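Heavy-atom basis, side chains included; hydrogens, waters and symmetry copies ignored. To find a chain, count down the sequence lines: A is the first, B the second, and so on, and within it residues start at 1. As the structure is a computational prediction, the values presented were derived from the model and not from experiment.
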There are 2 protein chains.
Amino acid sequence: MNKNYMRAIPKQWATASKVFVALGDKHRQRILLTFDRGERLNVGQIVEVSTLSRSAISHHLKILHDADILLSEKIGKEVYFWVNRPVLDETLQNVLDYIRKNT
Amino acid sequence: MNKNYMRAIPKQWATASKVFVALGDKHRQRILLTFDRGERLNVGQIVEVSTLSRSAISHHLKILHDADILLSEKIGKEVYFWVNRPVLDETLQNVLDYIRKNT
DNA sequence: TATATATAACTATATAATTAAATATTTGGT
DNA sequence: ACCAAATATTTAATTATATAGTTATATATA
């Protein structure tokens with residue numbers, strides 16, 4: 001029994017924790033699934049296919065960006081977002097390794 | 001661009017979605033991490049090492065149980081919980097496969 | 001009856017959504 | 001080049017909603 005884990009998430013879990021919190025929302029899961037392989041989408045394109053307002057989408061994109069799940073770049077007036085595959089891959093692989101080793 | 005994903009989570013994502021929502025909470029992440037390999041813990045033991053009240057722990061355990069992350073069995077007066085490794089493993093592996101294939 | 005856990009009712013808090021205002025960039029007219 | 005208008009996005013303020021936590025009560029078992 002890892003008693004101390006009930007007090008604080010260990011450092012090596014910080015990234016995974018952030019990712020789970022950010023993806024613990026159906027809208028944000030949907031946003032993630034909307035991206036095709038290697039695709040970059042701007043805010044307007046995501047708003048267009050969603051049922052949410054511009055600012056709600058903007059808010060969710062910020063959370064995904066803060067969690068390092070999405071990367072972004074401003075080109076002209078538009079801000080393009082894309083999936084940060086390396087971080088997602090590594091994070092999920094780490095969690096999976098942990099599960100296999102410790103459960 | 002998977003336009004329809006913005007309207008609803010596809011069926012094959014239902015389990016993963018549930019798991020992410022359930023683990024999108026730091027207390028529940030901590031509860032999960034508290035279990036050692038193959039260990040079964042009853043509610044009292046988890047309450048003992050946590051900062052939360054009995055009923056708060058009970059509430060979080062219910063959410064983890066509903067999401068199939070924990071399994072439980074009542075033995076006498078106590079209810080023992082343990083990690084549902086196969087489901088967690090399969091779910092995370094599916095998400096990882098998806099990420100590798102589609103991002 | 002005593003003990004372990006779960007549930008209900010309520011309160012507190014955090015998160016989400018909306019509308020309106022602000023910021024940044026491009027475009028077009030002069 | 002300069003300035004106003006148009007467009008894309010973000011931020012702020014407010015309101016709405018959902019989730020979490022607590023205390024008290026209920027259920028089940030020894």
Side-chain angles (χ1 to χ4, degrees), chain A residues 1 5-9 17-35 39-83, chain B residues 1 5-9 17-35 39-83:
Chain A
M1 187 183 191
Y5 283 5
M6 282 306 283
R7 309 284 161 167
I9 298 283
S17 178
K18 250 193 333 181
V19 167
F20 276 103
V21 171
L23 289 181
D25 176 278
K26 303 220 174 194
H27 291 301
R28 293 195 288 269
Q29 292 169 7
R30 286 175 204 165
I31 290 173
L32 182 66
L33 292 173
T34 298
F35 286 86
E39 192 175 36
R40 294 184 173 208
L41 298 171
N42 65 42
V43 182
Q45 291 176 304
I46 298 168
V47 169
E48 211 173 289
V49 295
S50 95
T51 57
L52 298 177
S53 68
R54 271 163 198 286
S55 47
I57 290 292
S58 185
H59 164 243
H60 287 304
L61 288 173
K62 180 172 174 15
I63 289 170
L64 289 167
H65 187 260
D66 288 350
D68 266 345
I69 293 168
L70 295 183
L71 298 173
S72 70
E73 185 188 5
K74 183 163 192 172
I75 298 179
K77 282 180 290 194
E78 284 125 8
V79 177
Y80 283 85
F81 286 86
W82 65 95
V83 178
Chain B
M1 189 182 187
Y5 284 6
M6 283 304 284
R7 309 284 161 165
I9 298 282
S17 177
K18 247 190 339 179
V19 167
F20 276 104
V21 171
L23 289 180
D25 176 279
K26 303 221 174 193
H27 291 301
R28 294 194 288 270
Q29 291 170 8
R30 285 175 204 163
I31 290 173
L32 182 66
L33 292 173
T34 297
F35 286 86
E39 192 175 36
R40 295 185 173 207
L41 299 171
N42 64 41
V43 182
Q45 292 175 304
I46 298 168
V47 169
E48 211 173 290
V49 296
S50 94
T51 56
L52 298 177
S53 68
R54 269 165 199 284
S55 46
I57 289 291
S58 186
H59 165 241
H60 287 303
L61 288 172
K62 180 172 175 15
I63 290 170
L64 288 168
H65 187 259
D66 288 351
D68 266 343
I69 293 167
L70 295 182
L71 297 173
S72 69
E73 185 188 6
K74 184 162 190 173
I75 298 179
K77 281 181 290 194
E78 282 126 8
V79 177
Y80 283 84
F81 285 87
W82 65 95
V83 178

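Contact annotation for B:I63: backbone-only contact, meaning every heavy-atom pair under 4.0 Å involves sugar-phosphate atoms and none involves a base. As judged by a 4.0 angstrom heavy-atom cut-off over every strand, B:L61 is placed among residues making no nucleic acid contact.
Of the candidates C:dT3, D:dG21, C:dT7, D:dG21 carries the atom nearest the B:H60 side chain, counting heavy atoms from C-beta on. Listed candidates were D:dT29, D:dT10, C:dA6. Nearest to the side chain of B:V79 is C:dA6. The listed nucleotides are C:dT18, C:dA16, C:dT25; the one nearest the side chain of A:D25 is C:dA16. Side-chain proximity of A:E78 to the nucleotides C:dA17, D:dT9, D:dA30 is greatest for D:dT9. Across D:dA20, D:dT10, D:dG21, the shortest atom-to-atom separation from the side chain of B:A56 is found for D:dG21.
The shortest distance between the side-chain N/O atoms of B:H27 and the OP1/OP2 oxygens of D:dG21 is below 4.0 Å. Under 4.0 angstrom from either OP1 or OP2 of C:dT18 there lies no side-chain N or O belonging to A:S55. Within the 4.0 Å cut-off from OP1 or OP2 of D:dA8, not a single side-chain nitrogen or oxygen of A:N42 is found. OP1 or OP2 of C:dA16 sits under 4.0 Å from a side-chain N or O of A:R28. For the pair B:H59 and D:dT22, the criterion of a side-chain N or O lying under 4.0 Å from OP1 or OP2 is not met.
Between the CD atom of A:E48 and the P atom of D:dT9 there is a distance of 11 Å, rounded to whole Å. Atom CZ of B:R54 is separated from atom C1' of C:dT5 by 8 Å (rounded to the nearest Å). Rounding to whole angstrom units, OH of residue A:Y80 and P of D:dT7 are separated by 16 Å. Between B:K77 atom NZ and C:dA4 atom P the separation is 6 Å, expressed in whole Å. Look at NZ on B:K26: it is 14 Å from P on D:dA20, rounded to the nearest Å. Rounded to whole angstrom, the span from the CD1 atom of A:I46 across to the C1' atom of D:dT9 amounts to 12 Å. Across the protein-nucleic acid pair, A:Q29 atom CD and C:dA16 atom P stand 12 Å apart, rounded to whole Å. To the nearest angstrom, C1' of C:dT19 lies 15 Å from CG of A:L52.
Where A:G24 and B:K62 each meet DNA chain C at their nearest nucleotide, the meeting point lying more 5' is that of B:K62.
Closest of all the heavy-atom pairs between A:V49 and B:M1 is CG2-CE, 3.4 Å. Residue B:D66 comes nearest to B:K18 through the heavy atom pair O-NZ, 4.0 Å, listed as atom of the first residue, atom of the second, then distance. Taking both residues in full, the closest heavy atoms of B:Y5 and A:R30 are given as O-CG, 2.9 Å, listed atom of the first, atom of the second, then distance. Summarising the geometry of A:I69 relative to A:A22, their closest heavy-atom pair is CD1-CB, 3.8 Å, with the distance given to 0.1 Å.
Below 30°, between 30° and 60°, or above 60°: for A:F81 and A:H65 the angle between ring planes is above 60°, a perpendicular geometry.
Between the CG atom of A:L70 and the CD1 atom of A:I46 there is a distance of 7.5 Å, given to the nearest 0.5 Å.
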